[in-house]
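Accompanying notes for the structure given below.
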Amino acid sequence: MLNDTSIFAMLQQADFPIVPWKNGLGQTRDIASLSDEQGLRYRISQASVVENGLFSDFRGLHRTLVLLSGHGLAMTHQNEQGMQHVQLTKILEMAHFSGGDQTFASLTEGPIEDVNIMTREADTQAEVIALHSPTKLMFDPIQSNTLLHAIYCAEACELYDAHTDHLHAIPAHCFISLVDIEKASKALNKKRFNLLKGQVIQIHIIKSS
């Protein structure tokens with residue numbers, strides 16, 4: 001079923017366009033995004049952090065940062081409520097914060113890679129879950145307010161589709177998303193995939209208003 005391009009879109013890391021950071025201090029790989037007349041609604045990207053420094057200002061967006069590789073990252077968030085310190089030490093550990101915070105990042109021990117999910121604070125939310133094999137993986141239930149339903153393979157993964165009795169070997173950094181939410185909702189009703197190997201980040205972006 002993963003081979004059905006009318007339901008699933010599969011992108012590999014080489015397909016992600018490279019764009020400069022907003023602050024000019026690095027580059028990111030742009031994975032998926034959606035904009036409307038109000039501007040950016042959501043964006044998913046993957047980046048490498050190679051030195052300490054301030055994060056770009058993304059006022060109006062909520063950020064979820066997932067540690068993908070490396071030995072950890074410490075972040076200090078400064079806003080009207082004061083200062084908050086967050087330490088990420090484990091792979092797929094995540095931090096949630098406002099894009100408008102003044103955020104300074106310090107590497108624990110060498111460069112790291114991360115996945116960054118940004119959503120517009122006014123009307124969009126992201127539900128982000130780290131899944132470790134062996135476990136079940138479901139693309140259902142799919143809500144009517146869904147904007148994006150996807151997984152990001154943090155490493156090489158094996159997904160077993162019991163419906164078609166097929167084992168899929170998925171490369172690391174592969175991004176799999178639903179193409180047609182309405183069609184997928186019917187086709188995937190209560191169907192599960194078994195994550196036999198690897199770790200994935202499940203991303204569900206919804207309209208909140």
Side-chain angles (χ1 to χ4, degrees), residues 1-2 4-13 15-17 19 21-22 28-47 55-68 88 92-101 103 113-132 135-154 157 159 170 173-193 195 199-209:
M1 184 173 288
L2 282 177
D4 189 341
T5 56
S6 68
I7 298 177
F8 293 100
M10 189 179 300
L11 297 174
Q12 298 191 32
Q13 191 177 47
D15 300 319
F16 307 153
V19 296
W21 286 355
K22 190 176 179 181
T28 190
R29 293 181 181 272
D30 211 359
I31 300 173
S33 63
L34 177 68
S35 296
D36 57 19
E37 63 279 359
Q38 298 178 52
L40 183 66
R41 186 151 200 179
Y42 71 76
R43 179 188 177 198
I44 302 169
S45 59
Q46 185 262 315
F55 277 11
S56 300
D57 184 352
F58 283 101
R59 200 172 307 273
L61 298 173
H62 184 271
R63 300 183 66 167
T64 300
L65 187 147
V66 187
L67 183 63
L68 201 57
L88 301 182
L92 298 196
E93 195 171 12
M94 60 187 75
H96 308 274
F97 56 99
S98 172
D101 289 353
T103 298
E113 290 182 303
D114 64 57
V115 170
N116 184 39
I117 300 99
M118 297 191 291
T119 55
R120 193 161 63 207
E121 291 175 331
D123 58 9
T124 312
Q125 292 180 343
E127 300 171 354
V128 184
I129 302 171
L131 297 174
H132 308 266
T135 190
K136 303 289 186 182
L137 176 63
M138 291 186 66
F139 281 92
D140 187 79
I142 300 168
Q143 304 169 21
S144 60
N145 60 347
T146 294
L147 292 170
L148 178 78
H149 206 50
I151 61 170
Y152 180 94
C153 295
C157 295
L159 278 176
I170 313 296
H173 305 294
C174 191
F175 182 76
I176 304 171
S177 61
L178 298 181
V179 175
D180 186 323
I181 298 296
E182 184 176 350
K183 181 176 180 178
S185 183
K186 297 175 182 177
L188 299 174
N189 184 33
K190 299 189 184 304
K191 293 185 175 65
R192 293 178 173 87
F193 295 90
L195 179 63
Q199 303 178 94
V200 304
I201 303 165
Q202 188 163 34
I203 304 167
H204 188 199
I205 297 179
I206 61 174
K207 304 172 187 176
S208 58
S209 65

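For the numbers below, each heavy atom of this structure counts, side chains included, while hydrogens, waters and symmetry mates do not.
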Steps toward side chain to side chain contact (heavy atoms under 4.5 Å, CB included) verdict (Val200, Tyr152): CA-CA 5 Å; Val200 304; Tyr152 180 94; over 6 Å; no
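- Put simply, the side chain of Asp101 does not reach to within 4.5 Å of the side chain of Arg63, judged on heavy atoms.
- Taking both residues in full, the closest heavy atoms of Gly100 and Asp57 are given as CA-OD1, 3.9 Å, listed atom of the first, atom of the second, then distance.
- If you take CD on Gln202 and CD1 on Ile176, they are separated by 11.0 Å, rounding to the nearest 0.5 Å.
- Between Met10 and Phe175 there is no side-chain heavy-atom pair separated by less than 4.5 Å.
- Residues Asp36 and Arg120 have side chains in contact (heavy-atom distance under 4.5 Å, counting atoms from C-beta outward).
- Using a 4.5 Å cut-off on side-chain heavy atoms (C-beta onward), Ile151 and Leu131 make no contact.
- No side-chain heavy atom of Ile205 sits less than 4.5 Å from a side-chain heavy atom of Leu34.
- Ala122 approaches Ser208 most closely through the heavy-atom pair O-OG, 4.3 Å.
- A 4.5 Å side-chain heavy-atom check between His62 and Thr119 finds at least one atom pair inside the cut-off.
- Looking at heavy atoms from C-beta onward, Ile206 lies out of side-chain contact with Leu147 at the 4.5 angstrom threshold.
- Contact record, Cys157 with Gln199: SG-O, 3.6 Å, taken as the closest heavy-atom pair.
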Evaluation steps, side chain to side chain contact (heavy atoms under 4.5 Å, CB included), between Val115 and Val128: CA-CA 11 Å; Val115 170; Val128 184; over 6 Å; no
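- Residues Ala126 and Ile117 come closest through the heavy atom pair CB-CG2, 3.8 Å.
- Note that the CG atom of Leu65 and the OG atom of Ser45 stand 9.0 Å from one another [nearest 0.5 Å].
- When every heavy atom of Val66 is checked against every heavy atom of Ile201, the shortest pair comes out as CG1-CD1, 3.7 Å.
- Atom CD of Gln46 is separated from atom CD of Gln13 by 5.0 Å, given to the nearest 0.5 angstrom.
- Once rounded to the nearest 0.5 Å, the distance linking CD1 of Ile31 with CD1 of Ile203 reads 7.0 Å.
- To the nearest 0.5 Å, the span separating CG on Asp30 from CG on Asn116 amounts to 10.5 Å.
- Side-chain contact between Asp123 and Arg41 is present, with heavy atoms from C-beta onward closer than 4.5 Å.
- With rounding to the nearest 0.5 Å, the separation of CD in Gln125 from NE2 in His204 is 11.0 Å.
- Between Phe97 and Phe55, the angle of the ring planes lies from 30° to 60°, which puts this pair in the tilted group.
- Between Ala130 and Met94 the shortest heavy-atom distance is N-CE, 4.1 Å.
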